[in-house]
Protein chains: 2
Amino acid sequence: MLTECMQVIAGAWAPNVIWSLRAGPRRFNELKSDIPPVSSKVLSARLSELESRGVLLRHVRPTSPPSVEYELTDLGLELIPALEAIVQVGHKLKQLQGYQFEQDAAE
Amino acid sequence: MLTECMQVIAGAWAPNVIWSLRAGPRRFNELKSDIPPVSSKVLSARLSELESRGVLLRHVRPTSPPSVEYELTDLGLELIPALEAIVQVGHKLKQLQGYQFEQDAAE
DNA sequence: CCGAATCCAGCGAGATACTG
DNA sequence: CAGTATCTCGCTGGATTCGG
């Protein structure tokens, strides 16, 4: 069970995508800006995976230039507290024993 | 921040190890039995990583044959609710839209 | 029983370039 | 703007073997 369920947030930058969407819908290039090291290819792959898993929704607006918005589903929103809990533990580990993390500007 | 904190549960079978230890201390081969597909090498690697990160403790008992127990630290225990939340979402996705998971005997 | 050492293969991520 | 198409490369995990 655990292993399969973990697939929901598997893949590079998947947690970051969910994290970036926690405050509301965002567009492709906004997400790309939120997560500088991610490439278009990988971001695109992750978004389509997360969509097919029911974590997020994709809205295409027939404007010119094209505009696509992504937002979390109700189920996707339920992942936020989980990620927050992990971040909490990470923080405490950092403080308690000076565990070295790499630099990362994003909250 | 998120990215570094996620490192705490990174690596194959790391979440499973934490999951298996949630009910109390377990020995190396018990963990290996709990997580059939994991190899000794990887389990060993993961345990030492998780130990160095402060997620779990390693107790060596000077018996013969050797006996080593692993148990979660307080910080490690804080990860349990996070994993449970993810499992909850996984379950709901499975039910709501018949998303196909692979077979897995473990709870 | 609990690992460490070695070797190897695969997959997935990164870079780059291109399109509607 | 929002992706897709290739290609390469490196890491990580699997299998196996050996040791305290």
Side-chain angles (χ1 to χ4, degrees), chain A residues 2-4 6-21 24-53 55-72 101-104 106, chain B residues 2-4 6-21 25-53 55-71 102 104 106:
Chain A
L2 211 201
T3 305
E4 315 93 286
M6 288 298 296
Q7 301 304 312
V8 172
I9 58 166
W13 312 115
N16 302 76
V17 168
I18 296 169
W19 192 255
S20 286
L21 289 175
R26 286 187 83 63
R27 301 173 52 183
F28 188 88
N29 276 3
E30 290 177 326
L31 291 170
K32 197 155 157 36
S33 303
D34 290 341
I35 316 167
V38 78
S39 67
S40 293
K41 168 196 166 184
V42 172
L43 178 56
S44 179
R46 218 81 317 150
L47 285 169
S48 93
E49 289 170 12
L50 291 171
E51 185 195 6
S52 77
R53 287 171 188 160
V55 174
L56 58 79
L57 257 26
R58 185 180 127 113
H59 300 291
V60 182
R61 301 235 221 81
T63 59
S64 178
S67 161
V68 183
E69 276 193 351
Y70 297 89
E71 71 176 318
L72 293 177
F101 290 119
E102 298 163 20
Q103 165 176 329
D104 184 355
Chain B
L2 211 202
T3 305
E4 314 95 284
M6 289 297 295
Q7 300 304 311
V8 172
I9 58 166
W13 313 116
N16 302 76
V17 168
I18 296 169
W19 192 253
S20 286
L21 289 173
R26 283 186 87 64
R27 301 175 51 186
F28 188 87
N29 274 4
E30 290 178 326
L31 291 170
K32 196 154 156 40
S33 302
D34 290 341
I35 316 166
V38 77
S39 67
S40 293
K41 170 196 166 185
V42 171
L43 178 56
S44 180
R46 217 81 319 149
L47 285 168
S48 94
E49 288 170 13
L50 291 172
E51 185 194 5
S52 79
R53 286 169 188 162
V55 174
L56 58 80
L57 258 26
R58 185 180 128 111
H59 300 291
V60 182
R61 302 236 220 80
T63 61
S64 180
S67 162
V68 184
E69 276 194 351
Y70 298 88
E71 71 176 320
E102 299 164 20
D104 183 355

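Every chain is numbered from 1 and lettered A, B, ... according to where its sequence line falls, protein lines coming before strand lines. Just so it is clear, the structure is predicted and the values come from calculations on it, not from any experiment. Because only heavy atoms are used, hydrogens play no part in the values below, and waters and symmetry mates are left out as well, while side chains stay in.
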All side-chain contact (heavy atoms from CB on, under 4.5 Å) counterparts of [X], not counting sequence neighbours:
X	answer
A:S33	none
A:S40	A:F28, A:K32
A:S64	none
B:P66	none

Span of DNA chain D, from the first to the last nucleotide whose atoms fall under 4.0 Å of chain B heavy atoms: D:dG13 to D:dG20

DNA chain C: 5'-most and 3'-most nucleotides touching chain A, 4.0 angstrom heavy-atom criterion: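 In short, chain A contacts DNA chain C from C:dA13 to C:dG20.
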
Hey, what bend do you get for the helix from C:dC1-D:dG20 to C:dG20-D:dC1 if you fit axes on five pairs at each end, rounded to 10°? 50°

Locate the shortest heavy-atom distance separating A:L21 from A:R26; write the atom from each residue and the value.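 Between these two residues, the closest heavy atoms are CD2-N, 3.7 Å.
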
Output the residues of residues 41-51 of chain A in contact with DNA chain D, where contact means a heavy atom of the residue under 4.0 Å from an atom of the strand; sort by number or write none. A:K41, A:S44

What are the residues of residues 56-69 of chain A, sorted by number, that bring a heavy atom to within less than 4.0 Å of DNA chain D? A:R58, A:P65, A:P66, A:S67, A:V68

What pairs with A:E51 under salt bridge (charged side-chain N to carboxylate O under 4.0 Å, His left out), at least two apart in sequence or on another chain?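 If we apply the salt bridge (charged side-chain N to carboxylate O under 4.0 Å, His left out) test to A:E51, skipping adjacent residues, there are no hits.
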
Restricting to salt bridge (charged side-chain N to carboxylate O under 4.0 Å, His left out), what partner residues turn up for B:R27, sequence neighbours left out?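 Salt bridge (charged side-chain N to carboxylate O under 4.0 Å, His left out) list for B:R27, sorted by chain: empty.
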
Holding to side-chain hydrogen bond (donor to acceptor under 3.5 Å, both in side chains), I want the full list of residues that pass it with B:E71, two or more places apart in sequence or in another chain. B:H59

Which one of B:D34, B:V55, B:L50 satisfies the side chain to side chain contact (heavy atoms under 4.5 Å, CB included) criterion with B:V17? B:L50

